[in-house]
Amino acid sequence: MPADTRWFSLDDIEKAAQNTLTKEHADFFAGAAGDESTLRSNRDAFERIRLRPRVLRDVSSRSTGITLLGRHLDTPVIVSPTAFHRLAHPDGEIATARAVAAANTVMIVSMAATTRIEAIGEETERWLQLYLQPDGDFTTALVQRAEKAGYGALVVTVDSPVLGRRERDHRNGFHDLPAGLRCENMVDDAGTLRSIAMDASVTWESVDRLRAVTGLPVLLKGVLHPDDARRAVDHGVAGIVVSNHGGRQLDGTVATIDALPAIAEAVPDGFPLILDGGVRRGIDVVRALALGASAVGIGRPVLWGLAAGGQDGVSQVLDLLRTEVDEALALCGVSRPDHLDPDVIWTGPPTHRRVPKHPGGHP
Ligand SMILES: Cc1cc2nc3c(=O)[nH]c(=O)nc-3n(C[C@H](O)[C@H](O)[C@H](O)COP(=O)(O)O)c2cc1C
Ligand SMILES: CCCCCCC(=O)C(=O)O
């Protein structure tokens, strides 16, 4: 399906996606845990942060490029891991990977992918997200497959000792993938499909054990406390994803953008910090980079792009955000992402009162 040239924002793409998804799948993608207060906070917290641009700086020559884990990317926006891309579009993770390669950024492939990791584009910079399984041999075998397939890093999700309680899924009775879809990377050597276990016994020693069996850099995803960030550095991890899982795990957590400054303070200068949760605009990217992130991740917008237009839809999501980042940098008087610092953030009394986005409705 060709992507629509009338999409001017991620909001437009979200609306288009709703027309292509069943209610239960749309709710699975959109939903979060409990009252979904963290889901809302992630957005509200971004909107509260006001920018303080500089003027009369020559910003005629600009770049949105960054370096992350030693690799040059054309945009500071990477793709966070999300489950079940083939629920959104038949081309699933393969389409996402192609769009990510075209944007020259990173795709973190979910352990709950509906495509085998080897089939997800070699031309794409791919990192593999893992839930550490109680059967360590299964995890190690998957890690070895990722190494062989050329994955660049492992991202261990650490905010999930149990699965968050997502009431929309319970109400809709959404517990299984439709016929023909499965978590392709959970098939073991004997050909048996395993369930993904959320292992409540995982500790820092589990991270050490993973590091001992792989040469790949290991990042932790789901850190919100600065003491955990310090500990991650002490345990030799290569980076942190500051994340509350898009509000899908513990409801009531701090918004990620509010958690970021203390974490940035806790880790050494230049330590890779990726923030995700509620990033929907180029100005959100600017806010996060100014407050110490090296890059940001997006989850749901990729699924909306995929549902609305397959590979083309994901490309539109990534292109829109890259364009918005470029414009936001220029308007802030900054020519490169790594020149952003907290000086661009307003620290005076609050100036923001929440008002409806489109008071008159969409034209
Ligand atoms: C439908 C869906 C599936 C997700 N699946 C995973 C997953 O398999 N592993 C994981 O670590 N995080 C998963 N996440 C969390 C995302 O990686 C990310 O933290 C979150 O979506 C960021 O928030 P955003 O959706 O507001 O951008 C998922 C999120 C959604 C919405
Ligand atoms: C037991 C199913 C595991 C899929 C989890 C995907 C995920 O993290 C999510 O937020 O959804």
Side-chain angles (χ1 to χ4, degrees), residues 10-11 13-14 17 21 24-33 36 38-46 77-88 92-93 96 106-114 117 127-133 154-166 168-169 174-177 181-186 193-199 219-224 240-251 253 255-257 259 274-281 284-285 288 295-307 317-318 321:
L10 301 198
D11 249 18
I13 301 178
E14 177 179 6
L21 294 166
E24 65 174 9
H25 298 164
D27 273 349
F28 171 70
F29 290 153
E36 302 190 340
T38 294
L39 177 69
R40 291 188 296 278
S41 291
N42 280 344
R43 282 299 312 142
D44 290 349
F46 269 121
V77 179
I78 74 166
V79 169
S80 286
T82 51
F84 313 156
H85 284 204
R86 289 179 62 207
L87 268 189
E93 288 82 3
T96 306
V106 174
M107 172 176 184
I108 309 181
V109 174
S110 166
M111 188 178 206
T114 41
I117 58 170
W127 302 351
L128 179 64
Q129 177 264 329
L130 295 170
Y131 292 107
L132 294 179
Q133 296 300 285
L154 301 172
V155 180
V156 181
T157 299
V158 292
D159 58 15
S160 304
V162 296
L163 192 69
R165 201 175 153 71
R166 296 128 191 211
R168 297 197 208 196
D169 296 342
F174 178 61
H175 302 302
D176 292 308
L177 285 170
L181 296 191
R182 59 182 189 171
C183 291
E184 290 291 343
N185 300 294
M186 294 306 295
L193 178 66
R194 300 184 175 209
S195 299
I196 297 181
M198 300 289 151
D199 183 355
L219 293 86
L220 299 187
K221 173 173 182 283
V223 172
L224 293 173
I240 287 173
V241 187
V242 178
S243 174
N244 52 31
H245 214 114
R248 294 163 76 83
Q249 285 301 109
L250 177 65
D251 190 36
T253 64
T256 49
I257 193 67
I274 299 158
L275 170 138
D276 77 16
V279 174
R280 301 291 180 267
R281 287 284 187 187
D284 299 331
V285 181
V296 303
I298 51 170
R300 293 176 182 86
V302 169
L303 296 165
W304 300 331
L306 200 51
V317 166
L318 293 169
L321 274 177

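Note that the structure is a prediction, hence the values are computed from the model and not measured. One-based numbering, in listed order, for ligands and for the atoms of each. The chain is numbered in sequence order, starting from 1.
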Worksheet item: Who's the nearest protein heavy-atom neighbour of atom 5 (C) of ligand 2, and how far?
Response: Y131 OH, 4.0 Å

Discussion item. Under a 4.0 angstrom heavy-atom cut-off, which atoms of ligand 1 come close to F29?
Written reply: 1 (C), 31 (C)

Worksheet item: Can you check whether V279 reaches V77 side chain to side chain, under 4.5 Å on heavy atoms?
Response: no

Item to complete: Please write down residue, atom name and distance for the protein heavy atom closest to atom 19 (O) of ligand 1.
Response: D276 OD2, 2.8 Å

Worksheet entry | Sub-4.0 Å heavy-atom approach of Y131 to ligand 1 | yes

Worksheet entry | Shortest protein heavy-atom distance from atom 13 (C) of ligand 1, along with the residue and atom involved | P81 O, 3.0 Å

Discussion item. For atom 12 (N) of ligand 1, tell me which residue out of R280, Q129, K221 has the closest non-hydrogen atom.
Written reply: K221

Worksheet item: In ligand 2, which numbered atoms sit nearer than 4.0 Å to a non-hydrogen atom of R248?
Response: 9 (C), 10 (O), 11 (O)

Worksheet item: At the 4.0 Å heavy-atom cut-off, does R166 count as touching ligand 2?
Response: yes

Practice prompt. Would you mind listing which atoms of ligand 1 come within a distance below 4.0 Å of any non-hydrogen atom of L303?
Written response: 1 (C)

Discussion item. Among all the protein's non-hydrogen atoms, which is closest to atom 1 (C) of ligand 1, and how far away is it?
Written reply: R248 NH2, 3.4 Å

Worksheet item: Do any heavy atoms of M111 fall under 4.0 Å from ligand 1?
Response: no

Practice prompt. Could you check atom 5 (N) of ligand 1 against the protein and tell me its nearest heavy-atom contact, residue, atom and distance included?
Written response: A83 N, 3.1 Å

Discussion item. As an exercise, identify every atom of ligand 2 less than 4.0 angstrom from a heavy atom of H245.
Written reply: 7 (C), 8 (O), 9 (C), 10 (O)

Worksheet entry | Verify atom 7 (C) of ligand 2: protein non-hydrogen atom under 4.0 angstrom away | yes

Worksheet item: At what distance is the nearest protein heavy atom to atom 1 (C) of ligand 2, and which residue and atom is it?
Response: I196 O, 3.8 Å

Worksheet item: Do any N or O atoms from the side chain of T256 and from the backbone of D276 form a donor-acceptor pair under 3.5 angstrom?
Response: yes

Item to complete: Look up atom CZ in F174 and atom CG in D27, then write down how far apart they are to the nearest 0.5 Å.
Response: 10.0 Å

Fill in: Closest protein heavy atom to atom 21 (O) of ligand 1, given as residue, atom name and distance to 0.1 Å
G299 CA, 3.6 Å

Worksheet item: Rounded to the nearest 0.5 Å, what separation is found between the CG atom of L306 and the OG1 atom of T96?
Response: 4.0 Å

Discussion item. Counting neighbours of CZ on R194 that are heavy atoms of other residues, nucleotides or ligands and sit closer than 6.0 Å, is the number greater than 12?
Written reply: yes

Practice prompt. Would you mind listing which atoms of ligand 1 come within a distance below 4.0 Å of any non-hydrogen atom of G277?
Written response: 22 (C), 23 (O), 26 (O)

Worksheet, complete the sentence: Note: heavy atom closest to atom 8 (O) of ligand 1, options S110, A88, A32, belongs to S110

Discussion item. Any carboxylate oxygen within less than 4.0 angstrom of a Lys/Arg side-chain nitrogen, looking at R165 and D251?
Written reply: no

Worksheet item: Going by the order shown, which atoms of ligand 1 are within less than 4.0 Å of some heavy atom of T157?
Response: 10 (C), 11 (O)

Worksheet item: Which heavy atom of the protein is the closest neighbour of atom 4 (C) of ligand 2, given with residue, atom name and distance?
Response: A112 CB, 4.0 Å

Worksheet entry | Parallel, tilted or perpendicular: rings of F84 and F28 (30°, 60°) | parallel

Discussion item. Please determine whether side chain to side chain contact (heavy atoms under 4.5 Å, CB included) holds for the pair I13 and V317, giving the CA-CA distance in whole Å, both sets of side-chain angles, and the decisive distance to 0.1 Å.
Written reply: CA-CA 8 Å; I13 301 178; V317 166; 3.8 Å; yes

Worksheet entry | Side chain proximity check, E93 to T114, heavy atoms < 4.5 angstrom | yes

Discussion item. Suppose I only count heavy atoms of F28 and a 4.0 Å limit; which atoms of ligand 2 are within that range?
Written reply: 11 (O)

Worksheet entry | For A83, atoms of ligand 2 separated by under 4.0 Å from a heavy atom | 6 (C)

Worksheet item: Would you say the side chain of W127 lies within less than 4.5 Å of the side chain of V106, judging by non-hydrogen atoms?
Response: yes

Worksheet item: Atoms of ligand 1 less than 4.0 Å from S243 heavy atoms?
Response: 19 (O)

Worksheet item: Contact between M198 and ligand 2, counting heavy atoms under 4.0 Å?
Response: yes

Worksheet item: Going by heavy atoms in the side chains, are I108 and I78 under 4.5 Å from each other?
Response: yes

Item to complete: For T38 and N244, test the side chains for any donor-to-acceptor distance below 3.5 angstrom and give the result as yes or no.
Response: no

Worksheet item: What atoms of ligand 1 come within less than 4.0 Å of a heavy atom belonging to F28?
Response: 1 (C)

Worksheet item: Do Q249 side-chain atoms and G247 backbone N/O form a donor-acceptor pair below 3.5 Å?
Response: no

Discussion item. I need the contact type for H245 against ligand 1. Using non-hydrogen atoms and a strict under-4.0 Å cut-off, is it side chain, backbone, both or neither?
Written reply: both

Worksheet item: Do ligand 1 and P301 have nitrogen or oxygen atoms that lie under 3.5 Å from each other?
Response: no

Fill in: Separation of M111 CE from L128 CG (nearest 0.5 Å)
7.5 Å

Discussion item. Between E36 and R168, does any NZ, NE, NH1 or NH2 come within less than 4.0 Å of an OD or OE carboxylate oxygen?
Written reply: yes

Discussion item. With the threshold set at under 4.0 angstrom, would you say V279 reaches ligand 1 through any of its heavy atoms?
Written reply: no

Worksheet item: Within the distance-only criterion (no hydrogens, no angle test), does the side chain of R300 pair as donor or acceptor with the backbone N or O of G31 below 3.5 angstrom?
Response: yes

